[in-house]
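Chain identifiers are assigned alphabetically (A, B, ...) following the order of the sequence lines, protein sequences preceding nucleic acid strands; residue numbering begins at 1 within each chain.
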Amino acid sequence: MIHDEHPEIKQQQDYLRFLNEFHVIDGTSLYDTLLQNVIQTRSYSLYVNLEHMKEFDEKLYQTTVKYPEEMIPFLRNAALSKVLSPDFFDSDIDKEAFNESFICSVFGMPKEDHQKLRDLEPEDICRLITIEGLVIHVSPIVLDMRMCAFQCSSCGYVVIVKEQDYKIKEPEKCDACKKNQTMALFHKKSIFSDRQVIRVQENINDIPEGEIPRSVSVVLTGYLLKGVVPGDRIKVTGIYRAQLPRETGGNSRRAVKSVLPTFIDATGIEKDKSSLGQGLVKDTLSSEKTMTKEMIEERNIWNRALGKRPDIVDLLIKSIAPSVYGHNDVKKGLLCQLFGGANHPDNPSDEAHKSDHIGSAVDPPSSLPHTPSEAPSSDFSTESQIGHSLDSYSQPSPHRQRGEKHESNGAMLSTRNEINVLLIGDPSTAKSQMLRYVHRIAPRGMMTSGSGSSAVGLTAYVTRDPDTDELVLESGALVMSDGGICCVDEFDKMSQHARTILHEAMEQQSISVAKAGIVCTLRARTAILAAANPQHSRYNTQMTVLQNIALPATLLSRFDLIFLLLDIPEESRDREFSRHLVSLFQIPPTDADDRKSSKNRKDRQPENNITSIAAPKTKKEIETEAKSVDILTQEQISEYILYARQHCFPKITEQAKETLINSYVQMRERHNSEKSVRTTLRQLDSLMRVSTSLARMQLSPSVSVDNAVESVALVEDALKRSAIDDEGVMNMDQVAMNQTIVPERY
Amino acid sequence: MIQDIHNTNVVVDKLITTNKETGQQKIKSGRFQELVFTSPQTQEEETITKEYSSVSTFTCVPVPGESSWVFESLEQDSENSQTFPCPNTPSYSSSLTDILNPPGLEKFNTLIKPHIPNSHLLSIPKTAELFSVCLLRIYGKEAESLRINDIVEVVGVFTTQSFVQESDNFNDPMQDWENVFGMSTQPTTTSSDGKRIITLDTSLPTVTRNPKTTNTDDTREPSSPNSHHPDEDGTLVPRVHAMKVTLCSSHPSFSASFDPLRKFNTNPATHGHFESDTLFDLHATPPPSPLLETARHTVAQARPVLLQLLTQCCCGDRLAAEYVLMFLFSRSVHIKEENPIGFISLHLSLPPPALPRSAQIVAALNSLLLHLLPTSHVQQITSSFLNSTPFVPSLSPDTSRLTPGFLQVPSGISLLFDETLLETPTQLSPLAQNNIDAVVELAHSQVVNYTIPFGTTPFHADTRLMFVSAGASLFNCASFSVPLVPTDNEQNSTTMSPNPDKSDQHGDISPAFLFTPPPPLTAPFFFASTRHALELVRLGDCDIHPALPDVLTDDYVKLRAQDSRLGARELQNLMNLARLNALSHGHPCVSVECWKEVLRLDAERRQRIDSSHSQQ
């Protein structure tokens with residue numbers, strides 16, 4: 001058959017069949033639509049999604065992955081033949097120019113075929129791969145010579161030499177006059193193309209503990225140029241190559257380098273614009289080399305079963321920061337911060353994993369038009385006004401973007417889902433430990449110390465690019481923590497100027513910059529977790545709460561939860577803690593007989609992670625296991641938080657709304673003294689966020705009255721308000737008594 | 001020590017060349033060499049076979065702070081005296097200069113070395129001698145288990161061969177050191193005289209033409225993908241192509257005794273599903289029981305002598321000497337989701353009368369530490385040092401090279417911070433403040449957060465920290481702060497060192513000058529046996545006596561009732577100290593007596609602090 005003699009024809013026809021028959025609706029395939037877009041928009045580029053190809057024809061997909069250099073030209077020819085066919089051909093188009101300029105490439109391998117950057121092997125050379133990473137460096141655009149023109153200096157004869165394997169061979173003699181060494185480079189007729197090299201580093205989540213991140217060079221050409229900036233999280237699809245050996249040497253001998261660096265010739269790039277929750281916590285499953293749909297479903301079943309447990313909140317409190325004994329209320333507050341509020345859910349029609357493919361005609365739908373809801377009155381002093389404002393939380397418009405709220409004049413305000421937490425306490429109350437634990441669970445954030453932080457370091461600073469010598473803005477800690485949690489230790493030692501910067505970031509979730517001629521607003525959708533000591537290092541019972549805290553009221557009001565951690569001697573707790581500490585030093589009896597056994601240093605995966613479940617289990621088995629587990633590992637906590645943030649957007653019920661309003665009014669009346677932390681409208685917002693977060697912990701679709709009551713109790717108990725008198729002075733005996741009761745409550 | 005791990009590259013395992021005239025094919029391999037040589041008559045047949053395998057490249061430096069006796073003991077153990085030499089030994093420079101090309105050495109000293117900033121020179125060794133760094137290439141996947149700061153023993157092929165060395169015109173000596181240490185410079189420009197020049201990155205293709213030939217295949221190469229990110233080639237940087245690599249514990253000679261990849265387990269009862277492997281335990285398996293028993297016995301015997309030596313170092317202060325002695329056994333054990341245990345940091349606060357002797361005290365302590373510990377370093381803390389030297393390593397986004405920091409040290413090292421010369425008032429830059437924060441973090445949690453692009457990554461450490469200062473410490477992070485109370489007279493103290501004004505902080509003060517111990521434990525045999533036993537015991541296990549938990553909890557409750565400032569951290573420090581006390585006595589477990597002794601010492605220490613405060 002002709003196909004056997006000319007296998008390339010068969011391949012091209014396979015691709016044509018894929019383009020014609022994939023996802024046909026009303027007689028038109030998806031790629032028919034895309035190609036029509038290509039013609040209409042004159043974009044001259046088609047990017048084929050490899051997930052579609054795999055879904056359509058696994059064998060074709062595998063061939064494309066194994067031999068991309070050979071196969072992608074066939075794909076291009078198939079697409080071109082389709083475009084130039086009478087059905088598609090537009091008589092206004094210059095056929096020849098279209099033929100010259102048309103680019104067809106691939107992107108988007110299925111997630112189970114993604115590879116980790118550090119797992120790339122020599123066997124992957126010349127194959128198609130997809131890796132995820134963070135862009136850390138972008139080179140300036142350089143010229144690549146594609147075709148070099150040489151002109152004879154004697155007779156003027158011009159010859160064109162094409163680039164092959166990154167080499168252009170200069171002719172030794174002129175074909176016309178046959179003279180040697182007369183050919184010189186003729187720039188005018190040479191053809192150059194643009195090229196840009198970026199450096200992609202593996203995601204922080206993928207870095208094994210105790211190692212530095214690996215990186216790889218990625219070459220961008222064509223429409224991929226200038227598509228990324230440092231800091232972008234991307235998925236790169238491309239051909240993994242080894243740099244060709246360069247020759248050097250004299251007449252007597254030549255040498256070829258034996259060690260060759262590797263790089264990726266990118267064919268497609270997707271920017272990761274997924275929901276913030278995905279990047280907030282470590283997604284351990286995505287770090288596995290292979291992840292099947294069954295494993296994803298197993299994880300979902302596990303998480304749903306966990307959510308159904310009546311004691312899920314207690315289980316999470318017990319599992320988080322296990323090295324910190326006690327402080328259950330603080331742990332609950334930290335969990336609220338990790339789960340986050342969800343006042344404005346994402347548009348339900350969007351996928352959980354949003355991405356923006358660079359240069360693709362298949363763009364995700366742009367922002368849907370939104371209509372302002374019923375505008376609440378501008379006066380928020382009455383309950384009815386408060387109720388109106390809460391309405392916007394309970395029944396968001398499906399067309400409203402996340403984080404939007406409207407003022408009475410219809411202008412948009414920005415609200416936040418992030419919960420800011422402040423821990424103030426005596427030394428040795430494990431504040432820094434809890435900060436470090438949260439930073440481990442939510443690594444997409446910066447850990448900084450207040451004493452070493454400046455306003456510039458927190459926001460953004462101007463520096464000169466080493467390549468272009470231009471002034472550029474470099475992100476500071478808050479901007480780099482966008483989408484994560486910024487942990488600030490020694491918060492009380494931060495300078496006043498640095499603290500003022502936080503005001504805008506904490507409430508508006510943005511940072512305004514105007515320096516060195518650069519005026520812009522940077523996003524800083526960051527939750528702040530701060531730890532501080534009281535004014536005189538230890539809580540002074542002779543002073544009021546505000547005097548001990550010694551932070552401006554404007555800053556305090558921006559924290560949703562303020563915890564006072566007091567180190568009060570209490571016998572039973574002290575005994576429990578000391579026993580726990582001693583247990584760490586004890587050698588378990590089993591290990592005494594097993595000295596020589598040791599695992600491979602690479603085998604660092606937890607053994608009872610659900611991903612390590614060897615044989616596939618039934619749904620019932622997984623649910624039973626989830627219901628009976630006594631304590632969760634850090635990975636399991638991360639997965640559960642991730643699942644909740646991606647799938648659970650509780651709506652507040654009328655009863656819960658009523659409860660919150662009543663509680664807020666009571667708090668306003670009770671804590672109106674200048675000597676205590678006052679209750680403002682921001683606290684109502686905080687109550688909303690905290691109650692939503694508590695509902696999210698239970699994967700509940702709605703915020704119940706219990707959640708509302710719990711959030712009020714958490715806010716009150718955090719500041720130990722029950723033990724504070726009208727003068728703002730704390731009764732330590734009352735605090736000690738409450739501490740013996742509080743653990744039972746939580 | 002492995003200072004940096006480069007991104008994995010590939011090596012040409014098989015390269016087939018074809019002679020143009022005869023058609024004869026030759027198969028060559030790129031392993032164990034930097035270049036594969038061909039003749040101009042051959043043409044590379046790229047279409048036939050080119051097989052690749054992975055090769056990992058590491059930047060290796062001499063072990064920072066390594067005591068000179070370590071190499072001497074290795075030399076004695078090794079049959080082949082040409083093992084990889086330590087730069088602190090006299091034989092190092094001469095052996096390498098025999099091998100290497102003198103012009104290269106001269107060129108390095110005149111052209112390159114003056115331009116290398118201090119931060120790129122090795123952090124702890126005094127000076128960066130030529131070839132105090134090498135590139136280690138390991139073929140295959142075995143290298144994946146190696147980590148930053150690991151100490152390795154390597155047997156392999158040593159070479160200085162490199163790609164650029166083949167160039168006729170070595171115009172840019174800085175190029176190589178950029179590649180190795182990640183320093184970025186402006187890209188060089190092409191020369192107009194047609195000479196062969198290797199450039200970093202150009203906007204136009206490079207022109208390579210050999211002026212000696214008239215009939216060659218000239219090729220013009222477009223700028224290659226990695227030309228913007230130079231690889232690790234370097235003319236003057238030697239390479240070792242490894243054939244055998246052994247991962248070592250803190251003392252290389254221990255690696256033969258026991259498995260270096262041991263994990264420390266804790267009581268699973270408190271953690272239910274606690275895993276059997278402990279993350280980041282950097283040390284070897286505790287030695288087999290017979291060895292450990294012998295070591296404990298040796299330590300128990302040596303304890304009085306050590307205490308006496310340390311007492312003299314501390315101007316007759318026995319309390320301070322006790323703490324320093326226990327400090328010698330400090331070891332950080334990291335447990336998943338728990339604070340690390342087993343370590344302490346120490347601060348010796350010198351009162352005004354002892355200040356004139358501060359240099360002697362520091363020198364004596366340092367000398368003793370160097371004689372006892374395999375790795376130790378003393379550092380004078382001044383404001384200029386803090387303001388100019390980065391403590392935390394950072395990964396450059398441009399070149400993906402790890403710039404070393406002062407705190408990038410091997411596991412088990414002892415760092416002695418001499419703050420006695422710190423100026424007051426001290427003007428600290430933001431870098432200095434970051435440095436101080438890094439030391440505080442290290443002292444509290446034994447973690448150094450390396451700076452990487454757009455974040456940090458934690459590295460667990462086992463670093464012993466000691467601070468000596470006049471009054472309060474700038475860092476203010478030690479587990480125990482002991483005000484020194486000199487009890488000896490000054491006349492005796494001058495016999496401690498033959499050269500009190502000697503500026504060399506590493507010192508070579510002979511133990512004979514320190515003290516005359518009773519026979520038979522006289523130097524040098526005393527130190528030779530003691531240091532080995534000390535390290536073995538330090539790495540050994542120490543259990544808890546069953547009676548201790550109840551006693552400890554009762555004591556803790558009582559102490560808290562007396563002084564509410566005693567919190568969780570203080571209790572952990574005391575527990576660590578009790579463990580070290582047991583180790584220093586050669587006990588296999590922490591007994592009630594050890595705990596009581598620690599409480600007594602701590603009470604005495606607190607009393608001193610209170611009295612010094614009241615005097616002020």
Side-chain angles (χ1 to χ4, degrees), chain A residues 122 136-137 139 142-145 166-170 197 201 204 207 209-210 212-215 217 219 242-243 248-249 251 253-261 263 322-323 428 449 452 466 480 567 569 571 574-575 578-579 582-588 591 598-599 601 606-608 630-631, chain B residues 7 9-12 30 35-40 52-54 145 163 166 184 203 205 213 218-220 222 224-226 228-229 231 261-262 265-268 270 272-273 277 280 337-339 341 395 397-398 400 433-434 437 452-453 455 457 541 543-544 549 553 556-557 560 564 567-569:
Chain A
I136 59 172
H137 186 270
S139 77
V142 297
L143 293 176
D144 242 1
M145 189 174 276
Y166 295 102
K167 286 184 187 174
I168 294 175
K169 199 170 172 182
E170 181 177 348
V197 180
Q201 176 185 279
I204 292 179
I207 305 172
E209 302 265 11
I212 54 172
R214 302 290 175 90
S215 57
S217 295
V219 176
Q243 188 175 338
T248 183
N251 200 23
R253 65 175 187 176
R254 289 193 172 181
V256 170
K257 275 168 48 178
S258 58
V259 175
L260 307 171
F263 65 98
S323 60
S428 291
S449 170
M480 283 206 275
D567 188 19
E571 186 170 333
D574 292 342
R575 284 185 182 278
S578 56
R579 283 188 193 284
V582 170
S583 71
L584 297 179
F585 287 79
Q586 285 170 323
I587 298 172
D591 188 51
S598 63
K599 286 188 186 173
R601 282 178 92 171
E607 289 177 357
N608 58 345
D630 188 44
I631 191 167
Chain B
N7 291 311
N9 291 331
V10 294
V11 64
V12 180
L35 302 168
V36 179
F37 289 102
T38 65
S39 71
Y52 300 107
S53 64
S54 60
S145 62
F163 179 69
E166 294 301 308
S184 59
S203 57
T213 63
D218 282 342
T219 57
R220 293 170 192 270
S224 55
N226 280 303
H228 186 77
H229 305 286
D231 59 27
L261 299 178
R262 185 252 177 191
N265 296 308
T266 64
N267 185 358
T270 57
H273 62 283
D277 60 328
F280 322 122
E337 296 190 10
E338 293 286 350
N339 281 337
I341 61 171
L395 189 65
D398 300 338
S400 297
Q433 195 57 56
N434 286 340
D437 291 342
I452 61 173
T457 184
D541 280 334
D543 205 350
I544 302 292
T553 51
Y556 180 56
V557 168
R560 285 267 280 169
S564 61
R569 181 177 289 173

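- A 4.5 Å side-chain heavy-atom check between A:Ile207 and B:Ile452 finds at least one atom pair inside the cut-off.
- Considering OG of B:Ser400 and NE2 of A:His137, their distance stands at 9.5 Å, rounded to 0.5 Å.
- Of all the listed residues (B:Val10, B:Val11, B:Thr457), the one sharing the greatest number of non-hydrogen pairs under 4.5 Å with chain A is B:Val10.
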Salt bridge (charged side-chain N to carboxylate O under 4.0 Å, His left out) between A:Asp567 and B:Arg560, intermediate numbers included
CA-CA 10 Å; A:Asp567 188 19; B:Arg560 285 267 280 169; 2.9 Å; yes
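- Put simply, CD on A:Glu571 and OG1 on B:Thr553 are 9.0 Å apart, with the number rounded to the nearest 0.5 Å.
- Ranked by heavy-atom pairs shorter than 4.5 Å toward chain A, the options B:Gly567, B:Gly455, B:Ala568 are led by B:Ala568.
- Of all heavy-atom pairs between A:Ser578 and B:Tyr556, the closest is CB-CD2, 4.0 Å.
- For A:Asp630, no part lies near chain B; criterion is any non-hydrogen pair under 4.5 Å.
- Looking at B:Ser54, both its backbone and its side chain come within 4.5 Å of chain A, counting heavy atoms on both sides.
- A donor-acceptor pair is defined here as one N or O able to donate and one able to accept, closer than 3.5 Å; such a pair exists between the side chain of B:Asn7 and the backbone of A:Ser215.
- Summarising the geometry of B:Ile341 relative to A:Phe585, their closest heavy-atom pair is CB-CZ, 3.8 Å, with the distance given to 0.1 Å.
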